[in-house]
Amino acid sequence: MVYDNNYQHNDNHYQLTIKMKKSILTFFLFISFAFTSHAGNFKVIELRIQNHQFVPNIINLAENEKAKLIIHNDDETIEEFESFDLKREKLIPAGKKVTVVLKPMKPGTYEFFGEFHEDTAKGKIIVK
Amino acid sequence: MLSIAIIIFREFLEIAIILGVISVALKDCAGKNKLFFAGACLGILGSAMLAIFIEQITNAFEGMGQEIVNSIIMSLAIALIIYTIIWMQSRSRKFSQEIKDRGAQIAKGEAAPKGMILLIALTILREGTEVVLFSYGLLSTGSISYGQFSTGAMLGLASGVVFMLIFKTGFMKIKTKYIFTTTTIFLAFVASSLASKVAGNLLAIGFFDFLSIELWDSSWLIEDGSAFGKFAHAIVGYVARPAAIELLFYLSTMFTIYVLYQVKKSDRRITV
């Protein structure tokens, strides 16, 4: 059998393009799925950063309760909400707010802090 | 002044190990210093850009912009690290080949791949953005003078560089025979940790709900917040409570690197 090398090359190139298109499409489907999966009842907790402190600095949640923190930075400088226990890190520009969605959690105490003002910005989430 | 020094030092520490290992991987390459300088400049520039657009990034993708941008940066870094590992394999063989060819001149001037500039920049980007934002906050509110800031920044930076050089010098003491293997192992851990962080980010924005369960809790052994915990996190990406998807990404990356490494190692051809 005689293979025309050029033909094979074009064939592979054609296949690759189809593959690329399929994976891009899958990626976008995945993303839209991710956004829709946010539907559901979330307990909304408003957290404020004032004078480099979290207000309130203790949050109570029930076991496996779905919640989201809306963190308002009332200070003039940026802060970073960080927690090893929650494995989250998020920058909050001055005067802005961000949302941190919490997954259902087992009972325990989860500490968080403001990375740029660790000595004063501290808080915890207590799950019962 | 001390606060900026401490913040810069801390953020630098997180990337000092990675930069040190890259430096070892590029051992004896021509233009290595220029490459590092270029990477550093690009990283700092990129950090400034991200800092300027932090609000737009934060609000993008329904508030998940930070997580998505972070994931993209880390994924690119993972790809480049894997490339570096493969590239090092061919170096490792050239080195031992040259030692055998006693008559031939050892080519110490091998060019470092330009992709390293991007890898260095990406490594700096993540922490660099935080530093830029923090610095801007300090300076714009006038809580610190420019003089105090510069002194503190240079102090933090110098301390970080000293740490990196100490780490690198210690690393270089490893015998030539084993140095590339050790570097490969280190890089494999870095890539895998980044992969599990990407998984963590994806979890945070709602992907993979079904694999978010935490497989174990080893805080009784090593706590996340402890000094050793942070050290373990920097070196091998340790977390006390890994989610299933995080572990999956970690192990898959490790496995992929292992397979590619073995394939490359047994490959008769020397060119990458």
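Values below: every heavy atom of this structure, side chains too, minus hydrogens, waters and symmetry copies. Just so it is clear, the model here is predicted, and its values are computed rather than measured.
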Check: A/Glu79/A/Asn73 side-chain N/O donor and acceptor closer than 3.5 Å: no
Which atoms of B/Glu67 approach chain A - backbone, side chain, both or neither, heavy atom under 4.5 Å: side chain
is_close_aromatic(A/Phe113, A/Phe81), centroid dist under 6.0 Å: no
Chain A contact residues among residues 2-14 of chain B, heavy-atom distance under 4.5 Å: B/Ile7, B/Arg10, B/Glu11
Closest approach of B/Ile81 to B/Ala191 (non-hydrogen atoms, all atoms of both residues): CG2-CB, 3.9 Å
Side chains of A/Val127 and A/Lys106 in contact at under 4.5 Å (non-hydrogen atoms): no
Flag for B/His233-B/Asp224: side-chain donor and acceptor within less than 3.5 Å: no
Exam field: side chain A/Asn51 to backbone A/Gln53, donor-acceptor pair closer than 3.5 Å: no
Heavy-atom side-chain contact between A/Glu82 and A/Arg88 under 4.5 Å: no
Portion of B/Lys230 that has a non-hydrogen atom of chain A nearer than 4.5 angstrom: side chain
Main-chain N/O of B/Glu127 paired with B/Glu130 side-chain donor or acceptor, under 3.5 Å: no
Option that, when pairs with chain B are counted at under 4.5 Å, heavy atom only, ranks first among A/Lys90, A/Glu76, A/Glu89, A/Glu111: A/Lys90
Residues of residues 238-257 of chain B within contact distance of chain A, non-hydrogen under 4.5 Å: B/Val239, B/Arg241, B/Pro242, B/Ala243, B/Glu246
Distance-only donor-acceptor check, side chains A/Ser83 and A/Asp85, under 3.5 Å: no
Note, A/Lys43 side chain near A/Lys66 side chain (heavy atom, < 4.5 Å): no
Expected output: side-chain B/Ser218 to main-chain B/Leu221 donor-acceptor under 3.5 Å: no
Chain B contacts, top residue of A/Ile92, A/Thr99, A/Leu91, A/Val100 (heavy-atom pairs, under 4.5 Å): A/Leu91
Name of the residue among B/Leu194, B/Leu50, B/Val69 meeting side-chain contact (heavy atoms from CB on, under 4.5 Å) with B/Arg126: B/Leu194
Residue among A/Lys103, A/Glu118, A/Glu115 with most heavy-atom pairs under 4.5 Å to chain B: A/Glu115
